[in-house]
Amino acid sequence: MLHIIWDLMTIEFVIVTGIALIFGTWVGFYAAKPRSLKGKHVMITGGSSGIGKCLAIECAKNGAHVSLVARNPALLEEARAEILKFASTAEQKVSCFPTDVSGPYEQVERTVLQAEEELGPLFLLANCAGYAKAARFEDTAVDEMKKLMAVNYLGAAQFSHAVISGMKGRREGGIVFVSSQGGLCGIYGFAAYAASKFALRGLAEALAMELKPYNLTVTVSFPPDTDTPGFAEENKEKPEETRLISESAGLFSPETVAKVLLDHSLKGKFVSTVGLEGFLQSTVCAGMSPVTSFVDLLIQVFSMGLVRLVSAFYLFKFDRIVVKCMENRDKKKRSL
Ligand SMILES: NC(=O)c1ccc[n+]([C@@H]2O[C@H](COP(=O)([O-])OP(=O)(O)OC[C@H]3O[C@@H](n4cnc5c(N)ncnc54)[C@H](OP(=O)(O)O)[C@@H]3O)[C@@H](O)[C@H]2O)c1
Ligand SMILES: *[C@@H]1O[C@H](CO)[C@@H](O)[C@H](O)[C@H]1NC(C)=O
């Protein structure tokens with residue numbers, strides 16, 4: 001029975017989306033072209049690995065000068081050499097600025113100043129530095145909660161703060177935040193992590209409204225599980241529940257996530273997702289987020305109620321996973 005309702009919902013959603021997409025393509029002919037990165041300076045925190053490194057490669061392909069920020073200088077140098085190979089012209093520069101995004105603000109300011117001196121005024125800041133820690137809330141040390149907030153949220157807030165006055169003055173460019181699907185929906189084992197990623201969305205929404213009159217765009221990416229060194233690290237210890245729930249959205253490549261994110265950012269879209277589940281999730285979570293795509297607005301208006309119902313099925317499934325894992329644990333305990 002549930003499956004039939006589920007199938008009907010999916011079919012209806014596909015039809016509604018289809019109509020909106022056809023209409024959207026028609027509207028798309030009149031939409032603004034994506035901005036060019038040729039000769040522009042892009043700064044990427046977390047640019048030495050995973051999604052950040054892939055984003056740096058995309059920017060290099062698009063003709064940008066790239067500054068990379070991360071802690072480990074050796075990894076930064078390695079990434080720099082790799083990214084340079086993708087540069088589309090011989091004049092393009094890629095430079096490294098070893099900095100802890102959660103460190104003192106004076107250091108962050110110094111990094112931005114140095115990078116702008118070397119590579120020119122910033123056009124795009126991409127806040128990709130971050131990490132995940134999956135554990136039940138009571139098993140998460142308070143120090144870990146503070147660190148998650150300091151790196152994932154404050155790290156992005158500090159860098160954005162340091163670049164904004166310059167960007168506003170120049171009246172072009174934008175800021176990118178990398179949140180997570182866990183930044184749209186809190187799931188088992190991600191209490192502390194989700195809080196830090198939800199925080200980014202609040203920051204981004206408010207910033208978008210402040211920066212819009214200055215011709216600046218804000219984009220937030222909500223990636224699903226992505227095949228990166230960071231993801232491998234996160235998987236080393238992860239509650240069974242968290243793994244089962246989050247893997248239902250599938251595993252994506254960092255190249256795909258980065259490519260889509262850059263495209264969305266250059267088109268000025270506020271939300272960036274990949275995959276059908278990501279799209280459904282961002283639709284149902286649209287809330288009061290800025291309207292930057294007429295097509296997305298149409299899809300939201302016509303499918304919001306439906307997608308909420310679909311989300312209820314997902315949540316039902318997730319709750320069942322949690323209960324099942326608890327029962328299995330109890331069984332194991334009894335048999336010991
Ligand atoms: N992979 C996923 O499944 C997934 C899903 C959703 C969201 N995300 C988000 O996407 C972003 C990138 O993740 P990823 O999987 O690509 O991770 P990754 O492969 O571990 O790369 C993380 C990057 O951030 C840097 N970094 C970490 N902590 C830092 C700090 N305190 N200061 C400066 N740089 C720091 C790392 O370099 P150093 O260690 O040398 O500093 C590295 O360059 C993160 O914000 C993550 O939360 C990832
Ligand atoms: C807005 O930015 C774009 C490039 O990002 C630029 O071409 C355009 O001239 C800017 N508009 C204003 C009004 O400054």
Side-chain angles (χ1 to χ4, degrees), residues 32-38 40 43-56 68-80 96-103 107-108 111 123-124 126-134 147-156 158-159 167-174 176-184 190 193-194 196-197 200 211-217 220-235 238 242-243 246-247 249-258 261 265-268 272-275 278:
K33 281 225 171 86
R35 291 167 289 177
S36 161
L37 277 184
K38 217 159 271 157
K40 306 282 194 200
M43 174 177 275
I44 302 178
T45 74
S48 65
S49 171
I51 297 172
K53 188 168 83 179
C54 289
L55 188 65
L68 306 170
V69 175
R71 289 163 307 176
N72 186 326
L75 269 183
L76 275 170
E77 274 309 320
E78 228 175 89
R80 189 184 100 88
C96 306
F97 299 91
T99 314
D100 182 343
V101 295
S102 64
Q107 179 59 52
V108 172
T111 294
F123 183 76
L124 202 64
N127 295 291
C128 304
Y131 76 104
K133 176 84 192 160
K147 196 180 154 206
L148 277 164
M149 214 58 184
V151 176
N152 293 354
Y153 167 66
L154 270 178
Q158 295 208 96
F159 267 85
M167 279 189 180
K168 276 172 126 175
R170 290 187 292 277
R171 286 189 168 50
E172 63 162 25
V176 167
F177 296 98
V178 178
S179 176
S180 163
Q181 283 202 338
L184 286 173
F190 273 145
Y193 172 74
S196 72
K197 293 298 190 180
L200 283 178
L211 300 184
K212 198 174 173 183
Y214 294 88
N215 198 28
L216 301 174
T217 61
V220 198
S221 171
F222 299 98
D225 282 353
T226 309
D227 194 7
T228 66
F231 184 61
E233 189 62 35
E234 166 192 336
N235 276 337
K238 196 177 227 178
T242 313
R243 189 178 57 73
S246 57
E247 76 187 8
L251 184 67
F252 284 76
S253 78
E255 287 84 7
T256 307
V257 172
L261 171 55
S265 165
L266 293 178
K267 284 181 178 151
S272 177
T273 59
V274 295

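First listed ligand is number 1; within each ligand, the first listed atom is number 1. Residue numbers start at 1 and run along the sequence shown.
The distance criterion of under 3.5 Å between nitrogen or oxygen atoms is not met by Val69 with respect to ligand 1. Between Ser49 and ligand 1, at least one N/O pair is under 3.5 Å apart. Of the polar atoms of Asn152, none of the N or O atoms is found under 3.5 Å from an N or O of ligand 1, judged by distance alone. Between Ser180 and ligand 1, no N or O atom pair is found at a separation short of 3.5 Å. Considering both main-chain and side-chain atoms, Cys128 comes within under 3.5 Å of ligand 1 through a nitrogen or oxygen pair. Residue Pro223 places no N or O, backbone or side chain, under 3.5 Å from any N or O of ligand 1. The distance criterion of under 3.5 Å between nitrogen or oxygen atoms is met by Val101 with respect to ligand 1. Considering backbone and side-chain atoms together, Ser48 places an N or O closer than 3.5 Å to an N or O of ligand 1. In terms of polar-atom proximity, defined here as any N/O pair under 3.5 Å, Thr226 does make such a contact with ligand 1.
Residue Thr242 comes nearest to Ala134 through the heavy atom pair CG2-CB, 4.2 Å, listed as atom of the first residue, atom of the second, then distance. Counting all heavy atoms, side chain and backbone alike, Ile44 lies closest to Gly52 at CG2-O, 3.7 Å. In this structure, Thr228 and Pro254 approach most closely via the heavy-atom pair CG2-CB, 3.9 Å. Counting all heavy atoms, side chain and backbone alike, Ser179 lies closest to Gly183 at OG-CA, 3.6 Å.
The shortest side-chain heavy-atom distance between Ser48 and Lys53 does not fall under the 4.5 Å cut-off. Residues Met167 and Phe123 have side chains not in contact (no heavy-atom distance under 4.5 Å, counting atoms from C-beta outward). Side-chain contact between Thr111 and Val69 is present, with heavy atoms from C-beta onward closer than 4.5 Å. Annotation: side chain of Phe222 is not in contact with side chain of Val178 (no heavy-atom distance under 4.5 Å). Between Lys133 and Leu148, some side-chain heavy-atom pair lies under the 4.5 Å cut-off. Proximity of Asp227 to Ser253: side-chain heavy atoms (C-beta onward) are nowhere separated by under 4.5 Å. The closest side-chain heavy-atom distance from Val108 to Phe159 is below 4.5 Å. Counting only heavy atoms from C-beta outward, the side chains of Phe97 and Leu68 never approach each other to under 4.5 Å.
Heavy-atom distances between Tyr193 and ligand 1 reach below 4.0 Å in at least one pair. Taking a 4.0 Å cut-off on heavy atoms, Glu233 fails to register as neighbouring ligand 1. Residue contact check for ligand 1: Thr99 places a non-hydrogen atom closer than 4.0 Å to it. In this structure, Gly155 has no heavy atom closer than 4.0 Å to ligand 1. Residue contact check for ligand 1: Thr45 places no non-hydrogen atom closer than 4.0 Å to it.
Taking OG of Ser246 as the start and CD of Gln181 as the end, the distance is 9.0 Å to the nearest 0.5 Å. In this structure, the separation between CG on Leu200 and OH on Tyr153 is 8.0 Å, given to the nearest 0.5 Å. Here the CD atom belonging to Gln107 is positioned 11.5 Å from the OG atom belonging to Ser102, to the nearest 0.5 angstrom.
Listed by number with element, the atoms of ligand 1 under 4.0 Å from a non-hydrogen atom of Ile51 are 10 (O), 16 (O), 48 (C). Those atoms of ligand 2 that come under 4.0 Å of a heavy atom in Phe123, given as number and element, are 5 (O). Below 4.0 Å from some heavy atom of Ala129 lie the following atoms of ligand 1, by number and element: 24 (O), 26 (N), 34 (N), 35 (C), 45 (O). Less than 4.0 angstrom separates some heavy atom of Gly50 from each of these atoms of ligand 1: 16 (O), 19 (O). Which parts of ligand 1 touch Asp225 is read off a 4.0 Å heavy-atom cut-off, strictly below it: atoms 3 (O). Which parts of ligand 1 touch Asn72 is read off a 4.0 Å heavy-atom cut-off, strictly below it: atoms 40 (O). The contact set between ligand 1 and Asp100, taken as ligand atoms under 4.0 Å from a residue heavy atom, comprises 30 (C), 31 (N), 32 (N).
Atom 22 (C) of ligand 1 has its closest protein heavy atom at Gly130 O, 4.0 Å. Protein heavy atom nearest atom 7 (O) of ligand 2, with residue, atom name and distance: Glu172 OE1, 4.8 Å. Given atom 34 (N) of ligand 1, the protein heavy atom at minimum distance is Ala70 CA, 3.5 Å. Nearest protein heavy-atom contact of atom 9 (C) of ligand 1 is Val178 CG1, 3.7 Å. Considering only non-hydrogen protein atoms, atom 25 (C) of ligand 1 sits nearest to Gly46 CA, 3.6 Å. With hydrogens left out, the protein atom closest to atom 27 (C) of ligand 1 is Arg71 NH2, 3.6 Å, a heavy atom. The closest protein non-hydrogen atom to atom 45 (O) of ligand 1 is Lys197 NZ, 2.9 Å. Distance from atom 15 (O) of ligand 1 to its nearest protein heavy atom, with residue and atom name: Thr228 OG1, 2.5 Å.
Cation-pi geometry between Lys168 and Tyr214 is met: the NZ or CZ atom falls under 6.0 Å from the ring centre, inside 45° of the normal. The side-chain tip of Lys197 does not point at the ring of Phe177 from less than 6.0 angstrom away and within 45° of straight on.
Atom 10 (C) of ligand 2 has its nearest heavy-atom neighbour, among Asn215, Thr217, Leu266, in Asn215. With Gly230, Ser179, Ala132 as candidates, the residue nearest to atom 7 (C) of ligand 1 on a non-hydrogen basis is Ser179. Heavy-atom proximity to atom 4 (C) of ligand 1, evaluated over Ala258, Ala232, Pro224, Ala74, is greatest for Pro224.
Residue Phe252 forms a side chain to side chain contact (heavy atoms under 4.5 Å, CB included) with just one option from Val274, Asp225, Ile51, and that option is Val274.
Checking atom 5 (O) of ligand 2 against the protein gives a heavy-atom contact under 4.0 Å.
Comment: Arg35 does not engage Glu172 in a salt bridge, judged by the lack of any side-chain N to carboxylate O separation of less than 4.0 angstrom.
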